[in-house]
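Before any comments, here is the structure.
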Amino acid sequence: MNTQMQRLLPQVQKPARYVGGEYRQIVKDKNEVDVRVAFCFPDTYEIGMSNIGMRILYGVMNEMPRVWCERVFAPWGDMEEKMRELDLPLWALESQDPVKDFDLIAFSVGYEMSYTNILNMLRLSGIPMLSEDRKDLKNLVFAGGTCMYNPEPLAPFLDFCSLGEGEELTVEIVELYRKAKAEGWDKPHFLQEVAKIPGVYVPSLYEHVYAPDGTIERIVPQPGAPKVVTKRIVQNLDKAYYPTKGIVPSTEIVHDRMNLEIFRGCIRGCRFCQAGYCYRPVRSKSPEVLIQQAKEMTEDSGMSEITLSSLSTSDYKRLPELADGLLDYCTPRSINLSLPSLRADNFSDELMQKVQKVRKSGLTFAPEAGTQRLRDAINKNVTEEEILTSCATAFAGGWSSVKLYFMLGLPTETDEDVLAIAELVHKIFLCWRENTENRSRGVRIHVSTAFFVPKPFTPFQWEAQIDPKEYERRVQLLREAFRRNRSVVYNYHAPDLSRLEAVLTRGDRRIAPVLRRAVELGVKLDGWDEYFDYSKWLQAFEDCGVDLDFYAMRERSIDEVLPWDCISVGVDKGYLASEREQAYRSTITPDCRTACTGCGANALYTEGPCDD
């Protein structure tokens, strides 16, 4: 660490964010390295270090011979201010070297509101934001993560995108870069070759032609570029790399515990859920592998809590067997086992008893809608009876607090559906009174509502988002209904952020100038209340002549060319359209375990059918 840095650290919050030096960080000799990768997470240290995907790929790349991957995080505002004062470029934690010294600059992007952080991090690094301004092979910028299933708002800034799961794909990309660097390729040659790797999308090799009404008329690939780029998946999770001996953070992070990933994908098919479609097909780890990984992580890190990670933990077929095996190890060591992502339709008394063996973790259920009609429309596949039965089981078992998540603004939603949320919550309150053994403790029912955002690769990708003022009216309607019960704590998402998310998630390349202008106006760290400034965003859209409503509040026709139509997650577009029709009929589609509905994702799984 240089003298300038030593003087700077006492002047900022949480200096441990910026120094590295943690237990299990990976440091290599620069003289014995061919390729250096700056692995950037476009948010703060405590957010990035909680990300499983980043930990996995950090380990994968550093297991490659003569490759050194280092971590880079977005600085907090106080640090950024000092960096600009001192003309100090953004650096990587392991070596403290500037990001501009690296060959590849990789971003992991899981949230649309981090887009401006990507551009701001490039600016702080002294690296040109636009791909066309980076002429050489060095400082190639690429990105992966859920947001890259529609990378078009970032297209002018990225040299290429990694689609899907990266354990194998990232290795292929880095190996090709090593070859290109050794043989002295230029950048155009490399981009042509990397586009041949399955799962790699190179935006500059595709032209978007717009119709007079502002929609996309067609997407034209250049010669040699695939018409459609399909995501990559890991076929066998038992054999895939998992970081059981990962970095132990030197300061508190958001998820300060061990994360044990039990399976990928989801059997459900909730029509609003992008992850449920994009992460298909379902692939599970065996309990034997998971128990061994948990033991290795515990013994190496010394942490006292294990969280089972997946989209829906209680859908893991061998959960009782896994829980028994983990508890045999965890209970005598006072290690807490946490099971988030539980569903109200399969929370059993047996599962409850396993969860509370060490200590009671918080219980969270997501009914999403108040009426059965709307739950069927979104294909939630959970009934009021199942919700109340699960709550009764929990309250009888000693719980006195539950969190409930709902959405407002879902397609076909009416005031009756909104008010039904309050009615359901009241029934849960009565359920507590009837089942608890200790009324004197009281009960806390935490209700949260989010503003529905239509997402790519879901049956609702064509839908319009409702007007923010209408959303606020529905919020007020619900607030009034909750006033009668002091046991209910109601929180709701402000509409401004969700409106921008709706623009960015379904945006095209015409959004890119808005992003750049927003960064010039000082937009950054939008996921943090301390920094989110909607007025600057509105100014950026006005300055660039881009209409937010065109992207957020406009219903798309089924035959409209969508910005992400040159990308495939394995689910057929026709299947999504049929699911949309089912939504308007409030007809449910069975989960994958009940019957295969032919979404198309099985074609990605070359080792046989889906696990479920």
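Since the structure is predicted, the reported quantities are computational estimates derived from the model, not experimental observations.
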State, to 0.1 Å, how close [X] and [Y] come at their nearest heavy-atom pair, and which atoms those are.
X      : Y      : value
Val12  : Tyr18  : CG2-CE1, 4.0 Å
Val19  : Gln96  : O-NE2, 3.2 Å
Pro42  : Ala74  : C-CB, 4.2 Å
Glu167 : Val234 : OE1-CG2, 3.3 Å

Partners meeting side-chain contact (heavy atoms from CB on, under 4.5 Å) with Thr307 (sequence neighbours left out): Arg257, Asn259, Glu305, Ser338, Pro340

State whether [X] and [Y] are salt-bridged, where the test is any N-O pair (Lys NZ or Arg NE/NH1/NH2 against Asp/Glu carboxylate O) under 4.0 Å.
X      : Y      : result
Lys14  : Glu46  : yes
Asp186 : Lys135 : no
Arg84  : Glu80  : yes
Lys455 : Glu112 : yes
Lys138 : Asp136 : no
Glu32  : Arg66  : no
Glu183 : Arg178 : no

How long is the span from the [atom1] atom in [X] to the [atom2] atom in [Y], to the nearest 0.5 Å?
X      : Y      : atom1 : atom2 : result
Tyr115 : Leu515 : OH    : CG    : 8.5 Å
Leu154 : Leu119 : CG    : CG    : 6.5 Å
Met258 : Met303 : CE    : CE    : 7.0 Å
Leu322 : Thr313 : CG    : OG1   : 9.5 Å
Glu501 : Cys147 : CD    : SG    : 8.0 Å

Just by modelled atom types, is the [Y] backbone N or O under 3.5 Å from a matching donor or acceptor in the [X] side chain?
X      : Y      : result
Lys28  : Val67  : yes
Asn62  : Cys69  : yes
Ser334 : Cys330 : no
Arg232 : Pro198 : yes
Glu94  : Arg71  : yes
Ser568 : Gly570 : yes
Thr170 : Gly166 : yes
Lys295 : Tyr329 : no

Going by distance alone, is a donor N or O of one side chain under 3.5 Å from an acceptor N or O of the other, for [X] and [Y]?
X      : Y      : answer
Glu70  : Ser95  : yes
Ser301 : Tyr23  : no
Ser114 : Asp526 : no
Gln292 : Glu288 : no
Asp78  : Gln11  : no

Pairs involving residues 101-111, ordered by first then second residue, that meet salt bridge (Lys or Arg N to Asp or Glu O under 4.0 Å) (sequence neighbours left out): Asp103-Lys181

How are the rings of [X] and [Y] set to each other: parallel, tilted or perpendicular (split at 30° and 60°)?
X      : Y      : result
Tyr206 : Tyr201 : tilted
Phe41  : Phe73  : tilted
Trp185 : Phe190 : tilted

Counting neighbours of CG on Asp133 that are heavy atoms of other residues, nucleotides or ligands and sit closer than 6.0 Å, is the number greater than 12? yes

NZ of Lys245: more than 12 outside heavy atoms within 6.0 angstrom? yes

Taking ring-ring contact (aromatic ring centres under 6.0 Å, His included) as the definition, give me every residue that meets it alongside Phe102, ordered by chain and number, with sequence neighbours left out. none

Is the gap between the ring centers of Phe39 and Trp68 under 6.0 Å? no

